[in-house]
Amino acid sequence: MAHTLTAFADAVVPAPWQEFCVHPNPEATAMAQNAEHHYQKATVIGGGVIGASWTALFLARGLAVTVCDPAPGIEQRIRAELAAIAPNLEQLGLPDVSSSSMPLHFDPQIATAVAGADIVQENGPERLEIKQQMWQAVESGAPADAIFASSSSSIPASAMASGMKDPGRLIIGHPFNPPHLVPLVEIVAASDTPADVIDRAVAFYRAMGKRPQVLAKEIPGFVANRLQAALFREAVYLVAQGVVSEQQLDDVVTSSIGMRWAVGGPFQSFHLGGGPGGLPDFIRHLGPALEALWKTLGTATFDGATVAMLTTQSANFGGSVDELAARRDDAELRLLRALDEVPAGA
Ligand SMILES: NC(=O)c1ccc[n+]([C@@H]2O[C@H](COP(=O)([O-])OP(=O)(O)OC[C@H]3O[C@@H](n4cnc5c(N)ncnc54)[C@H](O)[C@@H]3O)[C@@H](O)[C@H]2O)c1
């Protein structure tokens, strides 16, 4: 492994959300793409939905990628995914990841796939025993200083690492789907993970143009999925109670809090809702009503009747899943670009 260099994302993008790197300036784009950084090779274990997306991002950021997945036809599947993703990344000023000249390799054996890796990003099935076996195999074949990250959305690193010789090496690097577009990566480590392991993971994801957030402790679902779960519970409750349809509920979100939360999260939004006195005034003024509302929030279950209702209404989104996903990706790209134009500190 070569260790020369600088994390280019930091060098060329000033505002926090610009870490995802929409480069309006072609010179800056070229500089970013050509700049050398510490990382040369990524091994992506599991080439499904998330693994394919990470593969695209790592290739776009100049890494050689080895995909390790024993599934028959994996190369064809990954190349088809890259062809679908490439136009989106090109809109962000990144290179064509579907090009045959990309340094993309396939190796179904973990022990050899991880040789020489700077980063191992695991995206295998969400099953503890499978992940435990994978990480033991990774540890035995990977360089001693490689970063070990799992995309798992629910299994703590400490549980996955229990059979490793050095369990402190493994962290959760949890992306939001699709990782090649959505900036967040939640980094979650066991309580005894050395600080430098976390620091190196943060530096890596920043160099990939991501916005890593380090959680101070392990908690089921991490942060983003807990928030989604809380909101979705109430969403399912409201639809199940017949208050609104799925489509109405989605429109309520995208035309109000969704839009607001793209530029300022729940805390800052209520800070601004408090007027000049900020969050303390907001809580003084509206806190009691909010507390009363908390007591009325619903609980939801996926019982037969609820699932049948949700299934019926999900036919009304106005397109196939592929069409809706393409529309979403296009809109998210436009959003990223629009946020990129907001001056730093605005
Ligand atoms: N799908 C999401 O929205 C999402 C979001 C964030 C995180 N995650 C996490 O990412 C991980 C992968 O999820 P996914 O949705 O991509 O799953 P997926 O089912 O699409 O992909 C899993 C892949 O792992 C491969 N695999 C199975 N056994 C393997 C082995 N022994 N070695 C190597 N590869 C093997 C399968 O062939 C498959 O291609 C999970 O841990 C999940 O929690 C998923």
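Note that the numbering runs from 1 along the sequence shown for the chain. Note that ligands are numbered from 1 as they come in the structure, with each ligand's atoms numbered from 1 the same way.
With ligand atoms numbered from 1 in the order given, ligand 1 contributes 11 (C), 12 (C), 24 (O), 40 (C), 41 (O) to contacts under 4.0 Å with heavy atoms of Gly124. Residue Pro175 has at least one heavy-atom neighbour below 4.0 Å for each of these atoms of ligand 1: 6 (C). For ligand 1, the atoms sitting less than 4.0 Å from at least one non-hydrogen atom of Gly47 are 39 (O), numbered in the order shown with element in parentheses. Atoms of ligand 1 lying under 4.0 Å from at least one heavy atom of Pro125, given by number and element, are 24 (O), 26 (N), 27 (C), 28 (N). Near Asn177, meaning under 4.0 Å from one of its heavy atoms, ligand 1 places the atoms 3 (O). Ligand 1 places these atoms under 4.0 Å from at least one heavy atom of Lys131: 40 (C), 41 (O).
Proximity of a side-chain donor or acceptor of Ser53 to a complementary backbone N or O of His180 within less than 3.5 Å is detected. Within the 3.5 Å criterion, the main-chain N or O of Ser152 finds no donor-acceptor partner in the side chain of Glu126.
Taking the six-membered ring where tryptophan is involved, the planes of Phe282 and Phe270 are essentially parallel, since the angle between them stays under 30° and well short of 60°. Note on ring orientation: taking the six-membered ring where Trp is involved, the planes of Trp54 and Phe58 are parallel (angle under 30°, cut-offs 30° and 60°).
Inside a 4.0 Å radius of atom 28 (N) of ligand 1 there is at least one protein heavy atom. In this structure, atom 19 (O) of ligand 1 is not in close contact with the protein, since no protein heavy atom lies within 4.0 Å of it.
Only the backbone of Cys68 comes within 4.0 Å of ligand 1, judged by heavy-atom distances. Contacts of Arg77 with ligand 1, taken as heavy-atom pairs under 4.0 Å, involve the side chain alone.
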Checklist entry - Can you list the steps and then say if Ile78 with Leu104 is a side-chain contact (heavy atoms from CB on, under 4.5 Å)? => result CA-CA 10 Å; Ile78 289 282; Leu104 174 63; 4.3 Å; yes
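Heavy-atom proximity to atom 23 (C) of ligand 1, evaluated over Ile50, Asp69, Ile110, is greatest for Asp69. Which of Arg127, Met134, Glu126 comes nearest to atom 31 (N) of ligand 1 through a heavy atom is settled by distance: it is Met134. Proximity annotation for atom 12 (C) of ligand 1: of Asn225, Ile45, Asn123, Asn123 comes nearest, heavy atoms only.
Residues Phe302 and Leu310 have side chains in contact (heavy-atom distance under 4.5 Å, counting atoms from C-beta outward).
Residue contact annotation: Gln133 has no non-hydrogen atom under 4.0 Å from ligand 1.
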